[in-house]
Amino acid sequence: MIKELILDVSSGEIELVEYSKEEAEIINKAVLSNNKIQEQ
Amino acid sequence: MPRKVFTNGSPLPASDLNTYLMDQSVMTFADSAARSAAITSPTEGMITYLNDTNKVEVYTGAAWVDINDNTAAIPKSTVTTAGDLIVADGNASVTRLGIGTNGQILTSNGTSATWTSPAAAGGASVVWSLLGTVNLATSPTSTVTFSGISNRKKLFVEVNNLNWSAGGAGQVWDLRINGNKNTVNNVVGLEGQGSSPWARPGELSSGMVFSTLHNSVVNGFATALIHDAELTTNSQVDIIAGVQGGGTAPNGWWRTYSTIASKSAAITSVSIGNSWGNNFTSGIVRLWGGV
């Protein structure tokens, strides 16, 4: 489960966003596809 | 007028009586006309009292002036409130400058003095304030995002003792700036693993790499200084980051480089995340804002 903690520094409000397994896989693939580090 | 010392037995002619006693006393007249009639040739230093105006006047050698009319003095009524200052608003002219608000500093525009907040004054180079802190031990997440950022000339990201269990080969943890476009290879710096420095720091198109890792992060650390965050043009980003251990030997990674956040809007949010999606299990992340 991917979780993102969002802290609004102007209001101090905290939000916790959770992604489903399917959403997490999509996000991971998107990030990894851009990961030039792997090319080294 | 001179002063004469009389001794015992000294004669006292009328001229001495008029000069040394009458003319040097406070002479009383009904008004200035009566005074002019009585004293046709006043001498500098003479003092009179006028009944009609109730004023004591002194003769300066040129005119009779009110002895209390000291225009060179600054009246106490100029100030009204504790902390007030008296400043000049012209040649031989003063005015009240009320106390500034808490934290303001006295600045000059070359013409006048003004109480100004440091943020707008420019008197100090950069004034930093802590915008937010996240303790990942109490809030394990894979991404920490600071949103709501505005009007910050500089941003400073601190990450201390970050830990992240269970990753995968080729994973990184990185800094993501909203609005940043693809800046891959737009970097200058060094990176290394163990004792072997490499010449090419890596970078994600989605973020700026803090460090590479294979399985887990042990005591990751990072600082990132983001310049010109409030501008709608590119921002330089200076990064020093690494991990103490984790993954395949020789484990430790470090990276120091400068790069460009290619953007066309002011920065409103920054994130620290990992590309694998597992939660950071401990560590402190802070964001400082400079104005």
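Scope of the values below: all heavy atoms of this structure, side chains included, with no hydrogens, waters or symmetry mates. Please read these numbers as outputs of a predicted model, since none were measured by experiment.
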Contact origin within A:I14 toward chain B - heavy atom pairs under 4.5 Å: neither

Segment of B:S271 engaging chain A (4.5 angstrom heavy-atom cut-off): side chain

Enclosure of B:N109 CG (heavy-atom neighbours >12, cutoff 6.0 Å): yes

CD (A:E13) with more than 12 external heavy atoms under 6.0 Å: no

B:F146 and its side chain to side chain contact (heavy atoms under 4.5 Å, CB included) partner, picked from A:V9, A:L5, A:I6: A:V9

Top of A:S10, A:S11, A:G12 for chain B proximity - count of heavy-atom pairs under 4.5 angstrom: A:S10

Interatomic spacing from CG in A:L7 to CG in B:L131 - rounded to 0.5 Å: 9.0 Å

Contact check, side chains of B:S147 and A:E15, non-hydrogen atoms, under 4.5 Å: no

B:I240 atom CD1: more than 12 heavy-atom contacts under 6.0 Å: no

Nearest-0.5 Å distance, CD of residue A:E4 to CD1 of residue B:I272: 10.5 Å

Point-to-point distance, once rounded to the nearest 0.5 Å, from OG1 of B:T145 to CG of A:D8: 11.5 Å

